[in-house]
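What follows is a short report on a single structure.
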Amino acid sequence: MRKVPDLLGLTVDEARPACQASGFLLTEPETEYGPTNGFDAPIVRQRPPADTVGGRGDYVMVWTSGSGGVGGVREPGIPPRPTVVNSEEAERPSS
């Protein structure tokens, strides 16, 4: 059994050799805070956490921080709900 290395703040390219040296495998990164190239962004979360004991060949999952400005699709805003002034107006059919 081995301890999982602390990968927070590292890029995926920096974390991969640290995992391999400890006997763990690194998953492809998930993006935590917006679109980015996950390999260049810092790791902001990992599972299992650092210093957890695991077996040789176990996977470590990582999430990277997005820059918010690289690629991706911006979702449209939700339009405001119509305001009902009184219940009579709400019950009348519109013409």
Side-chain angles (χ1 to χ4, degrees):
M1 299 308 265
R2 302 159 185 268
K3 285 188 176 183
V4 174
D6 184 3
L7 306 176
L8 300 181
L10 301 177
T11 65
V12 173
D13 290 337
E14 294 167 337
R16 195 171 310 281
C19 273
Q20 290 172 346
S22 299
F24 295 95
L25 301 172
L26 191 64
T27 64
E28 294 298 314
E30 296 288 331
T31 303
E32 181 79 2
Y33 299 112
T36 187
N37 177 351
F39 293 95
D40 295 335
I43 294 172
V44 295
R45 190 164 52 116
Q46 73 178 66
R47 188 172 54 203
D51 296 328
T52 302
V53 176
R56 183 173 185 81
D58 286 353
Y59 282 93
V60 178
M61 296 175 62
V62 294
W63 289 261
T64 59
S65 172
S67 65
V70 179
V73 176
R74 185 174 286 243
E75 292 185 28
I78 299 173
R81 294 179 58 177
T83 305
V84 175
V85 178
N86 63 44
S87 61
E88 288 177 7
E89 286 183 17
E91 293 174 6
R92 270 189 281 170
S94 58
S95 30

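We use all heavy atoms of the structure for the numbers below, so side chains are in, but hydrogens, waters and symmetry mates are not.
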**Request:** Please round to the nearest 0.5 Å and tell me the distance separating atom CZ of Arg47 and atom OH of Tyr59.
**Result:**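 The distance works out to 15.0 Å.
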**Prompt:** Rounded to the nearest 0.5 Å, how far apart are CG of Leu25 and CG of Asp58?
**Reply:**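 Taking CG in Leu25 and CG in Asp58, the distance rounds to 8.0 Å.
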[X] and [Y]: which non-hydrogen atoms are nearest, and at how many Å?
X: Ser65; Y: Val44; result: CB-CG1, 3.4 Å
X: Leu7; Y: Ala18; result: CD2-CB, 4.2 Å
X: Arg45; Y: Leu8; result: N-CD2, 3.6 Å
X: Leu26; Y: Cys19; result: CD1-SG, 3.9 Å
X: Arg2; Y: Ser22; result: CD-O, 2.9 Å
X: Thr64; Y: Pro29; result: CG2-CB, 3.8 Å

**Request:** Output yes when a side-chain donor or acceptor of Gln46 lies under 3.5 Å from a complementary backbone atom of Pro5, and no otherwise.
**Result:**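 Yes; at least one donor-acceptor contact below 3.5 Å.
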**Prompt:** Donor-acceptor pair, Glu14 side chain versus Arg16 backbone, under 3.5 Å?
**Reply:**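 Checked: no pair found.
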